[in-house]
Amino acid sequence: MIQPKNFVKTVLSWQAAHGRHQLPWQHPATPYRVLVSEIMLQQTQVATVIPYFERWMTRFPTLQSLADASEDEVMALWQGLGYYSRARNLQKAARFLVDTYNGEFPQELTDIQSIPGVGRYTAGAIKSFAYDEYGPIVDGNVRRLFCRLFGVEGVPSTSKVDKALWQLAEDYTPNQNNRRFAQGLLDLGATLCTARNPKCTECPFADHCVALHTGRVSELPTAKPKKTIPKRTGHFLWLQKDSELYLEKRPEHGIWASLWSLPELGEAPTNATLKGSFQHTFSHYKLDAKIWTLTTIPNDTVAEGKADKWAAFDDLTDIGLPAPIRKYIEQHSR
DNA sequence: CAAACGTGGCC
DNA sequence: TGGCCAAGTTT
């Protein structure tokens, strides 16, 4: 088993030579920029995040500007990125930091982790990237790297394996050069120790890698047993008046929370015409969406308790809509 | 602790 | 084409 001092030294030198040094959030790596990037990067690839990050920082350059923004504008900027609770949590975080810490960031790991939307990984990332201080991280990249390098068996999401991985992270994280070390871990996982076709011949840890030596690179980390995802049918209402479309704001919880959308109906309407349909696969179910139209516009369209509005097609760009709903509207609005 | 929570890219 | 994967957190 490679010694921590050796491990750190190798990660640092590899990162300097082969790591990523031009990611937008690295320059400058202020606490706010690191927070925004880390939240956006949760379960989301770097290439996808970059344009969102640039737009976000232009519109919300400071914690205060984000705290002052309307939820609709926050959601509009996040639209298309997915996992929308992240957007609401990010604004909650801004307001929390302004209210609780006078707009500053706390320094202690446990205090950082008390920020809305910030879990153990993100807290460690902020410590490492923003402060260049000790902050262990275990994300998908580190998980893959550690499971292979140390030959960790078992499904990583189980508490036993998860605990072992965090223990390794704590033990192998140095007390200096943390920014470069953390970046090196992520870069190793993202560019060499990848899920498919890892580049073991280029890996600086090839000599020490348990998985490589035992021919188990493709077996580690242990895959989680997959379960079949269910199918659901959703009914949506297309209500058009000239060049305007009727929209409702979705609830604070559940799928597409806090976005605007074609109104979703509880069941198939009896007095409507089927306009079209589309399929959409989420991480946890398949949606068979049916789009219905009414031939006559009712006078009382409002579902009680929900915000609603008529929106011009030309104005939809600045409204946060679910990606497949936006796609459907674009394909059927002319 | 399992489930909820999005979307786009890749092979 | 369909399953897998991506800088996880919350409930």
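Chain letters run A, B, ... following the sequence lines, proteins first, then strands; residues in each count from 1.
- As rounded to whole Å, 12 Å separates atom C1' of C:dT10 from atom CD of A:Gln113.
- For A:Tyr285, whose side chain is taken as the heavy atoms from C-beta onward, the closest listed nucleotide among C:dT9, B:dC5, C:dA6 is B:dC5.
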Let me have the donor-acceptor pairs involving side chains of residues 120-131 of chain A, under 3.5 Å, with sequence neighbours excluded, atom names and distances please.
| unit_1 | atom_1 | unit_2 | atom_2 | d |
| --- | --- | --- | --- | --- |
| A:Arg120 | NH2 | A:Glu170 | OE2 | 2.9 |
| A:Tyr121 | OH | A:Glu38 | OE1 | 2.9 |
| A:Thr122 | OG1 | A:Gln42 | NE2 | 3.1 |
| A:Lys127 | NZ | A:Glu133 | OE1 | 2.9 |
| A:Ser128 | OG | A:Gly124 | O | 3.2 |
| A:Ser128 | OG | A:Gly135 | O | 2.9 |
| A:Tyr131 | OH | A:Pro106 | O | 3.4 |

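- The minimum heavy-atom distance between A:Arg20 and A:Val46, with the atom names listed, is NH1-CG2, 3.7 Å.
- Between the C1' atoms of B:dC1 and C:dG8, the separation comes to 15 Å (whole Å).
- Residue A:Ile255 is classed as a sugar-phosphate contact, given heavy-atom separations below 4.0 Å to backbone atoms only.
- In terms of heavy-atom proximity, A:Gly117 sits nearest to A:Ile39 at O-CD1, 3.4 Å.
- For A:Arg196, the listed nucleotide lying nearest its side chain is B:dG9; candidates were C:dG8, B:dG9, C:dA7.
- Among all heavy-atom pairs drawn from A:Asp308 and A:Glu248, the shortest one is CB-CG, 4.0 Å.
- When the side-chain hydrogen bond (donor to acceptor under 3.5 Å, both in side chains) test is applied to A:Arg179, no partner is found at least two apart in sequence or on another chain.
- Using a 4.0 Å cutoff on non-hydrogen atoms, the parts of residues 157-167 of chain A near DNA chain B are A:Ser159, ordered by number.
- When all heavy atoms of A:Glu71 and A:Lys249 are compared, the closest pair comes out as OE2-NZ, 2.8 Å.
- DNA chain B lies under 4.0 Å from at least one heavy atom of each of the following residues of residues 37-51 of chain A: A:Gln43, A:Thr44.
- Side-chain atoms of A:Gln26 come within 3.5 Å of backbone atoms of A:Gln22 as a donor-acceptor pair (strictly under, hydrogens ignored).
- Within a 6.0 Å radius of CG in A:Asp99, other residues, nucleotides and ligands contribute more than 12 heavy atoms.
- Nearest-nucleotide assignment on DNA chain C puts the 5′-proximal partner with A:Trp25, out of A:Trp25 and A:Pro116.
- At a threshold of 4.0 angstrom between heavy atoms, the contacts of A:Gly254 are confined to the sugar-phosphate backbone, with no base atom among them.
- Rounded to an integer number of Å, the gap from CG of A:Asn197 to C1' of C:dC4 is 13 Å.
- What separates CG of A:Leu287 from P of B:dG6 is a distance of 13 Å, to the nearest Å.
- Every residue meeting the ring-ring contact (aromatic ring centres under 6.0 Å, His included) condition with A:Phe60, not counting sequence neighbours, appears here in chain and number order: A:Trp56.
- Annotation: proximity of residues 131-156 of chain A to DNA chain C (heavy atom, distance under 4.0 Å) is found for A:Asp139, A:Gly140, A:Asn141, A:Arg144, numbered in ascending order.
- Rounded to whole angstrom, the span from the NZ atom of A:Lys92 across to the C1' atom of C:dT9 amounts to 11 Å.
- When all heavy atoms of A:Asp318 and A:Ala76 are compared, the closest pair comes out as O-CB, 3.4 Å.
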Listing, residues 137-153 of chain A side-chain donor-acceptor contacts under 3.5 Å, not counting sequence neighbours, or none:
| unit_1 | atom_1 | unit_2 | atom_2 | d |
| --- | --- | --- | --- | --- |
| A:Asp139 | OD1 | A:Asn141 | N | 3.2 |
| A:Asp139 | OD1 | A:Val142 | N | 2.9 |
| A:Asp139 | OD2 | A:Asn141 | N | 3.4 |
| A:Asp139 | OD2 | A:Asn141 | ND2 | 2.9 |
| A:Asn141 | OD1 | A:Arg144 | NH2 | 3.0 |
| A:Asn141 | OD1 | A:Ala190 | N | 3.3 |
| A:Arg144 | NE | A:Cys193 | O | 2.7 |
| A:Arg144 | NH2 | A:Gly189 | O | 2.7 |
| A:Arg148 | NE | A:Val217 | O | 3.2 |
| A:Arg148 | NE | A:Leu220 | O | 2.9 |
| A:Arg148 | NH1 | A:Cys193 | O | 3.4 |
| A:Arg148 | NH1 | A:Thr194 | O | 2.8 |
| A:Arg148 | NH2 | A:Thr194 | O | 3.2 |
| A:Arg148 | NH2 | A:Ala195 | O | 3.4 |
| A:Glu153 | OE2 | A:Arg216 | NH1 | 2.1 |

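- At a threshold of 4.0 angstrom between heavy atoms, the contacts of A:Ala323 are confined to the sugar-phosphate backbone, with no base atom among them.
- Contacts between residues 74-91 of chain A and DNA chain B, defined by a heavy-atom separation below 4.0 Å, involve A:Gly80, A:Leu81, A:Gly82, A:Tyr83, A:Tyr84, listed by number.
- Distance check on atom C1': C:dA7 versus B:dA3 gives 22 Å, rounded to whole Å.
- A:Arg20 comes within contact range of at least one nucleobase, with a heavy-atom separation under 4.0 Å.
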What donor-acceptor contacts under 3.5 angstrom involve side-chain atoms of residues 259-288 of chain A, with partners at least two apart or in another chain?
| unit_1 | atom_1 | unit_2 | atom_2 | d |
| --- | --- | --- | --- | --- |
| A:Trp260 | NE1 | A:Asp72 | OD1 | 3.2 |
| A:Trp260 | NE1 | A:Asp72 | OD2 | 3.4 |
| A:Glu264 | OE1 | A:Arg250 | NH1 | 2.9 |
| A:Glu264 | OE1 | A:Arg250 | NH2 | 3.1 |

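- The closest donor-acceptor contact from the side chain of A:His332 to the backbone of A:Tyr328 lies under 3.5 Å.
- Checked against the 6.0 Å centroid criterion, the rings of A:Phe205 and A:Phe7 qualify as a close aromatic pair.
- Residues from residues 218-229 of chain A that place a heavy atom under 4.0 Å from any atom of DNA chain B, listed by number: A:Lys227.
- Looking at which nucleotide of DNA chain B each of A:Leu321 and A:Arg232 is closest to, the 5′-most match is held by A:Arg232.
- Note on ring orientation: taking the six-membered ring where Trp is involved, the planes of A:Trp292 and A:His235 are tilted (angle from 30° to 60°).
- Residue-to-nucleotide proximity on DNA chain C shows that, of A:Gln183 and A:His253, the 5′-proximal contact is made by A:Gln183.
- Rounded to whole angstrom, the span from the CD atom of A:Gln279 across to the P atom of C:dT1 amounts to 13 Å.
- Sorted by first then second residue, the side chain to side chain donor-acceptor pair (under 3.5 Å) pairs that include residues 45-54 of chain A, not counting sequence neighbours, number zero.
- For A:His280 and B:dT7, the shortest distance from a side-chain N or O to OP1 or OP2 is below 4.0 Å.
- Closest of all the heavy-atom pairs between A:Leu192 and A:Pro204 is CD1-CD, 3.9 Å.
- Atoms CG (A:Leu186) and C1' (C:dC5) sit 16 Å apart, rounded to a whole Å.
- Under 4.0 angstrom from either OP1 or OP2 of B:dA3 there lies no side-chain N or O belonging to A:His284.
- A:Phe313 is linked by a ring-ring contact (aromatic ring centres under 6.0 Å, His included) to nothing, counting only residues two or more places apart in sequence or in another chain.
- Rounding to whole angstrom units, CZ of residue A:Phe282 and C1' of B:dG8 are separated by 14 Å.
- Distance, A:Arg120 CZ to C:dT9 C1': 14 Å, rounded to whole Å.
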